Amino acid sequence: MKKLEQLYEGKAKKVFRTDDPELLIVSYKDDATAFNGLKKGTIVGKGVINNRMSNLLMKRLEASGIPTHFVEELNDRETLVKKVSIVPLEVIIRNIAAGSFSKRYGVEEGVAFDFPTIEFSYKNDALGDPLLNEYHARALRLASADEIETIKRYAFGVNEELKAFWKECGVTLVDFKLEFGRLSDGSIVLADEISPDTCRLWDSKTGEKLDKDRFRRDLGGVEDAYAEIMKRLTTHI
Ligand code: TMP
């Protein structure tokens, strides 16, 4: 598959055209940002880890019946994916209070919910990705009612699969963010990435943070945490 011109550069990935109009190549960078790009840095080796981890997890999700954009890992940092038009919603599932949920509702981090929650934000950097509900998403024509139902079903399905898998690795899946896209036939697939950039992953025994919060909160040991979570994954997958 030939890598043609760059179509887009995001905060953590670049996207390239290929000679197949239905396929793209994504290339994972070591760049890290937080707080809508206000904080910038580099996490050495992150691109390689996120590429591998996202692909391994998406393959597992495909096997459990959740369609994804994943096609083939090309090398350390690059993956062939199906071309989608991204639904401009960040879909966040939470099992345990943390981050913006704790702040918004005044709940201590680490309080476990009786059932997982879902929330959406409007993927729009200029507006700071504001929270919205399903009615707002439909009013803004970001997604149809049917698409939102499909997205919710897939997102909770991803949670059940990943929660069980990370548990085997001695890791608690606290929360995560997903993005979905439409293929050329209009069907919805899981897109973007699943990585320590987009999930909160805590050591089940010690509660140690093994994700991007180490960067967001200047906790140190960022590279070591990414390496540790990757080690846990590869010894259990
Ligand atoms: P939050 O608690 O800051 O809302 O984050 C919830 C989850 O979403 C957490 O696992 C980190 C992930 N996330 C992203 O992947 N991208 C983002 O831009 C933000 C704000 C959060």
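Model, not experiment: these values are computed from the prediction. For ligands, and for the atoms within them, numbers begin at 1 and follow the listed sequence. Residues take their numbers from the sequence shown, with the count starting at 1.
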Is there at least one protein heavy-atom neighbour under 4.0 Å from atom 20 (C) of ligand 1?
->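 Under the 4.0 Å cut-off, atom 20 (C) of ligand 1 has no protein heavy-atom neighbours at all.
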Please indicate, with yes or no, if any protein heavy atom is found under 4.0 Å from atom 14 (C) of ligand 1?
->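 True for atom 14 (C) of ligand 1.
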Numbered atoms of ligand 1 (with element) below 4.0 Å of Gly99, judged on heavy atoms =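 Once the distances to Gly99 are compared, the set is 2 (O).
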Subset of ligand 1 atoms that lie under 4.0 Å from at least one heavy atom of Phe176 =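 Those qualifying, in numeric order: 10 (O).
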Does the pair [X]/[Y] count as a salt bridge with the N-to-O cut at 4.0 Å?
X: Asp211; Y: Arg200; answer: no
X: Lys231; Y: Glu228; answer: yes
X: Asp218; Y: Lys39; answer: yes

Options [options], ranked by nearest heavy atom to [atom], top entry:
atom: atom 4 (O) of ligand 1; options: Gly128, Cys199, Ser100; answer: Ser100
atom: atom 9 (C) of ligand 1; options: Asp192, Asp211, Asp175; answer: Asp175
atom: atom 18 (O) of ligand 1; options: Lys177, Arg200, Glu90; answer: Glu90

If only atom types and distance count, is the side chain of Glu62 paired as donor or acceptor with the main-chain N or O of Thr68 below 3.5 Å?
->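 Yes, the answer is positive, given that a donor and an acceptor are paired below the 3.5 Å cut-off.
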Counting only heavy atoms, which portion of Asp197 has something under 4.0 Å from ligand 1: side chain, backbone, both, or neither?
->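 Backbone only; the side chain of Asp197 stays clear of ligand 1.
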Is Arg94 touching ligand 1 with its side chain, its backbone, both, or neither, if touching means heavy atoms under 4.0 Å apart?
->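 Looking at Arg94 and ligand 1, just side chain atoms fall under 4.0 Å.
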State if Arg216 counts as touching ligand 1 under the rule of any non-hydrogen atom under 4.0 Å.
->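 Yes, Arg216 has heavy atoms under 4.0 Å from ligand 1.
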Matching residue for Asp30 among Arg77, Lys11, Lys40 - test: salt bridge (charged side-chain N to carboxylate O under 4.0 Å, His left out) |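 Going through the options one by one, the only one that passes is Arg77.
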Do Phe70 and Val189 come close enough that some side-chain heavy atom pair is under 4.5 Å?
->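 No. Closest side-chain heavy atoms not under 4.5 Å.
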From CG (Asn55) to NZ (Lys59), nearest 0.5 Å =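 The CG atom of Asn55 sits 7.0 Å away from the NZ atom of Lys59.
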